[in-house]
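To start, the structure itself, in structure tokens.
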Amino acid sequence: MTQRTIQITSPTFVAASELETVAAPGDLFAVSRPLALEIGCGIGDFILQLACQHPHINYLAIDIYNKGCLKTCSRIDAAGLDNVRVVRAEARDLLGRHFGPESLTAIYINCPDPWPKKRHRDRRLVGADFLRSLLYYLAPEGELYFITDFTDYAEDVAALLPTVPGYVNALTLPSATELPGYPISKYMRRFLDLGQPIHYIHYRKAPGFAAGADLLPPLRPGFRVHGEHAGNE
Ligand SMILES: C[S@@+](CC[C@H](N)C(=O)[O-])C[C@H]1O[C@@H](n2cnc3c(N)ncnc32)[C@H](O)[C@@H]1O
């Protein structure tokens, strides 16, 4: 069954047509500030807390899930925040089409879909190619947070990151089960309430590392959110 796409009229929401009109995503905000990205914002628990904590940062929260974008916008609007915009987009497509080099001060990925079955592992968003490409978008010493409730995903990413030139670990361990001050997302809360650990991975772009466009994979048309250019935003 296909779910009906709900029209989002919130001023926090950025329609694909609006995104096309700006030179860079940072121009979507009334006040210019360093820009950070949350990939897979779900219903917005995390970005709401983070944006309140850091009013001097602008946040773009993205998700392919229309209802999640709607809920995130409602929460941001209710809180009266001017430093969050929400886009319904697929991460690789949005980055490849709209972001320039060194344009992001931080990237947050919380509880990405784990694809637990072995035969589906190649569907995971975060792998070596994706991690390499993020270096292109991260500002000098920009931060990457990868958080998962799925031990096997954490182990894979923790093993991959030291093999990708251009990253340095911001923690003393490959991953941690606590990161003081880090907001708790809906999925993180769900797993913490079940008594299951959350794995935090926090890396930084190495000082002086020059990330060229050769790190970028080719854009794949299949990544686009279905219907976003047909006005169903
Ligand atoms: C398991 S949920 C986690 C939601 C939220 N981050 C949390 O921790 O509560 C994963 C979210 O990522 C979104 N998502 C999955 N793949 C994505 C992609 N390639 N680009 C953007 N969003 C994606 C899904 O729609 C879903 O809302």
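In what follows, every heavy atom counts, from backbone to side chain, and hydrogens, waters and symmetry copies are set aside. First listed ligand is number 1; within each ligand, the first listed atom is number 1.
In this structure, F209 has its ring center at least 6.0 angstrom away from the ring center of Y167.
Short contacts between ligand 1 and C111, defined as distances under 4.0 Å to a heavy atom of the residue, involve ligand atoms 1 (C), 2 (S), 3 (C), 8 (O), 10 (C). Under a 4.0 Å criterion applied to the non-hydrogen atoms of S185, ligand 1 contributes the atoms 7 (C), 8 (O), 9 (O). Shown in contact with N110 at under 4.0 Å from a heavy atom are these atoms of ligand 1, numbered in order with element: 3 (C), 5 (C), 6 (N), 8 (O). Atoms of ligand 1 lying under 4.0 Å from any heavy atom of Y65, numbered from 1 in the order shown and given with element: 25 (O). For ligand 1, the atoms lying closer than 4.0 Å to a non-hydrogen atom of K186 are 9 (O).
Any N or O atom pair closer than 3.5 Å counts here, and I39 shares no such pair with ligand 1. Between P112 and ligand 1, not a single N/O pair is under 3.5 Å apart.
Using the six-membered ring where Trp is involved, Y200 and Y182 have ring planes that are perpendicular, over 60° apart on the 30 and 60° scheme.
Ion pairing between a basic and an acidic side chain is recognised when a charged N comes within 4.0 Å of a carboxylate O; K118 and D152 show no such pairing. For K205 and E141, the salt-bridge test fails: no basic side-chain N is under 4.0 Å from an acidic carboxylate O.
Nearest-residue assignment for atom 18 (C) of ligand 1 (options R123, R189, E90; heavy-atom criterion): E90.
In terms of protein heavy atoms, atom 26 (C) of ligand 1 is closest to D63 OD2, 3.6 Å.
Not a single heavy atom of R190 sits less than 4.0 Å from an atom of ligand 1. Ligand 1 lies out of reach of P114, whose nearest heavy atom is not under 4.0 Å from it.
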